[in-house]
Amino acid sequence: MFDSGVGGLSVLKAFRQLAPTERVIYFADTAYFPYGPRPAPEVRKRSFAIVQRLVQSDVKLVVVACNTASAAALPDLREAFPVPFVGMVPGVKPAASRSRAGRVAILATPGTLDGELFARVVDDFGRGTRITTIPGSGLAELVESGQAGTPRSREALRGLLGPEVQAGADTVVLGCTHYAFLQDDIHAEFPNLSIVDTSEAVARRAVQLLDEGGLRGPSDQEGELDLIVSGDREQFRAIMRQLSFEPATMEARQ
Ligand code: DGL
């Protein structure tokens, strides 16, 4: 699995609950964080370099646990590497069916909102729903610097989502894996807003692909977690801890 930082841990958490004995390598590309404002070719280049590194370790499946990287690189990665991929797609479909008001806000990075993948899902599943895109400026940075659950993150969410909620949106799609860690803040600010987070669905899809491909590891093996961090490793571990990663998953090597 990889992401620009801690965001993909939301997918990892769900995956480990579903498949606790699988071994996972999590690559956090913190030296290049944030991906959101970077041009797509740059994010694609990083995604290729990371997957190159992961396949060297003989991984059997790659989860692109980052919406921005999925938007920039997923089809090209699938073509270039002989492993199955699971990527993130903003949950427009579940949001459109869930919204009673027929009005949905999509919170994501500029890279995701500008991408073809997003345009396609809106086209496929967003008809009949009023969809407003909101670039989550600064939000991933707040999560990455350990400020989820603070007055600062709630203030930022108020500013970004407030106008659309007041205008009648009753559902928000978290289109960036970092935002999964802001769910409590969103709920505190907007108690009636329904939140669509696809982390668990993506983890479920990954497990399904492993099952279908006969790729599951032995059921008695230890579910180790190897961590690769391109930036400051200690800082990353500190934030991991703050995001309540249980001690077992902290046994990270490399
Ligand atoms: N977690 C990433 C995503 O899902 C992006 C955060 C960033 O800007 O690096 O889009």
Side-chain angles (χ1 to χ4, degrees), residues 1-15 26-51 62-75 77 85-92 95 105-119 121-122 133-148 153 156-157 160 172-183 185-186 195-203 205-206 227-232 235-236 239-240 242-243 245:
M1 292 191 189
F2 74 93
D3 180 41
S4 58
V6 294
L9 295 177
S10 54
V11 182
L12 176 62
K13 209 172 216 170
F15 181 82
Y26 186 90
F27 193 123
D29 198 16
T30 55
Y32 291 85
F33 176 87
Y35 279 179
R38 291 184 190 275
E42 213 178 300
V43 176
R44 199 173 306 131
K45 203 167 154 195
R46 286 307 302 155
S47 302
F48 268 73
I50 291 165
V51 174
V62 176
V63 179
V64 184
C66 171
N67 289 80
T68 313
S70 299
L74 194 56
L77 290 171
F85 282 88
V86 181
M88 306 294 305
V89 180
V92 174
I106 317 275
L107 197 58
T109 69
T112 297
L113 296 175
D114 290 345
E116 254 174 57
L117 188 63
F118 179 64
V121 260
V122 170
T133 56
I134 304 174
S137 315
L139 283 185
E141 288 85 339
L142 284 169
V143 175
E144 194 66 26
S145 59
Q147 295 185 79
S153 61
L157 287 162
L160 289 164
V172 62
V173 172
L174 306 184
C176 166
T177 49
H178 277 75
Y179 306 165
F181 295 106
L182 294 170
Q183 293 194 57
D185 291 327
I186 296 174
I195 302 172
V196 174
D197 169 31
T198 52
S199 317
E200 205 192 307
V202 167
R205 176 74 186 137
L227 199 57
I228 306 175
V229 184
S230 60
D232 187 324
Q235 194 182 321
F236 187 80
I239 297 163
M240 243 180 129
Q242 200 194 322
L243 294 174
F245 254 71

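When a ligand or atom number is given, it counts from 1 through the structure's own listing order.
Side-chain contact between Ser230 and Phe27 is present, with at least one heavy-atom pair separated by less than 4.5 Å. Considering only heavy atoms from C-beta on, Arg38 stays 4.5 Å or farther from Phe33 through its side chain.
A centroid separation of 6.0 Å or more is found between the aromatic rings of Tyr35 and His178.
In this structure, a donor-acceptor pair under 3.5 Å is absent between the side chains of Asp29 and Ser4.
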For ligand 1, which of its N or O atoms have a protein N or O partner closer than 3.5 Å, and how long is each gap?
from: ligand 1; atom 1: 1 (N); to: Asp3; atom 2: OD1; distance (Å): 2.9
from: ligand 1; atom 1: 1 (N); to: Asp3; atom 2: OD2; distance (Å): 3.4
from: ligand 1; atom 1: 1 (N); to: Thr177; atom 2: OG1; distance (Å): 2.9
from: ligand 1; atom 1: 1 (N); to: His178; atom 2: ND1; distance (Å): 2.7
from: ligand 1; atom 1: 4 (O); to: Asn67; atom 2: N; distance (Å): 2.8
from: ligand 1; atom 1: 4 (O); to: Asn67; atom 2: OD1; distance (Å): 3.4
from: ligand 1; atom 1: 4 (O); to: Thr177; atom 2: N; distance (Å): 2.8
from: ligand 1; atom 1: 4 (O); to: Thr177; atom 2: OG1; distance (Å): 3.2
from: ligand 1; atom 1: 8 (O); to: Tyr35; atom 2: N; distance (Å): 3.3
from: ligand 1; atom 1: 8 (O); to: Gly36; atom 2: N; distance (Å): 2.8
from: ligand 1; atom 1: 9 (O); to: Ser4; atom 2: OG; distance (Å): 2.6
from: ligand 1; atom 1: 9 (O); to: Tyr35; atom 2: N; distance (Å): 2.6
from: ligand 1; atom 1: 10 (O); to: Asn67; atom 2: N; distance (Å): 3.4
from: ligand 1; atom 1: 10 (O); to: Thr68; atom 2: N; distance (Å): 3.1
from: ligand 1; atom 1: 10 (O); to: Thr68; atom 2: OG1; distance (Å): 2.6

message: Between Val6 and Leu243, does the side chain to side chain contact (heavy atoms under 4.5 Å, CB included) criterion hold? Intermediate values first, please.
response: CA-CA 9 Å; Val6 294; Leu243 294 174; 3.9 Å; yes
task: Before giving the answer on side chain to side chain contact (heavy atoms under 4.5 Å, CB included), spell out for Val172 and Tyr179 the whole-Å C-alpha distance, their side-chain angles and the decisive distance to 0.1 Å.
output: CA-CA 11 Å; Val172 62; Tyr179 306 165; over 6 Å; no
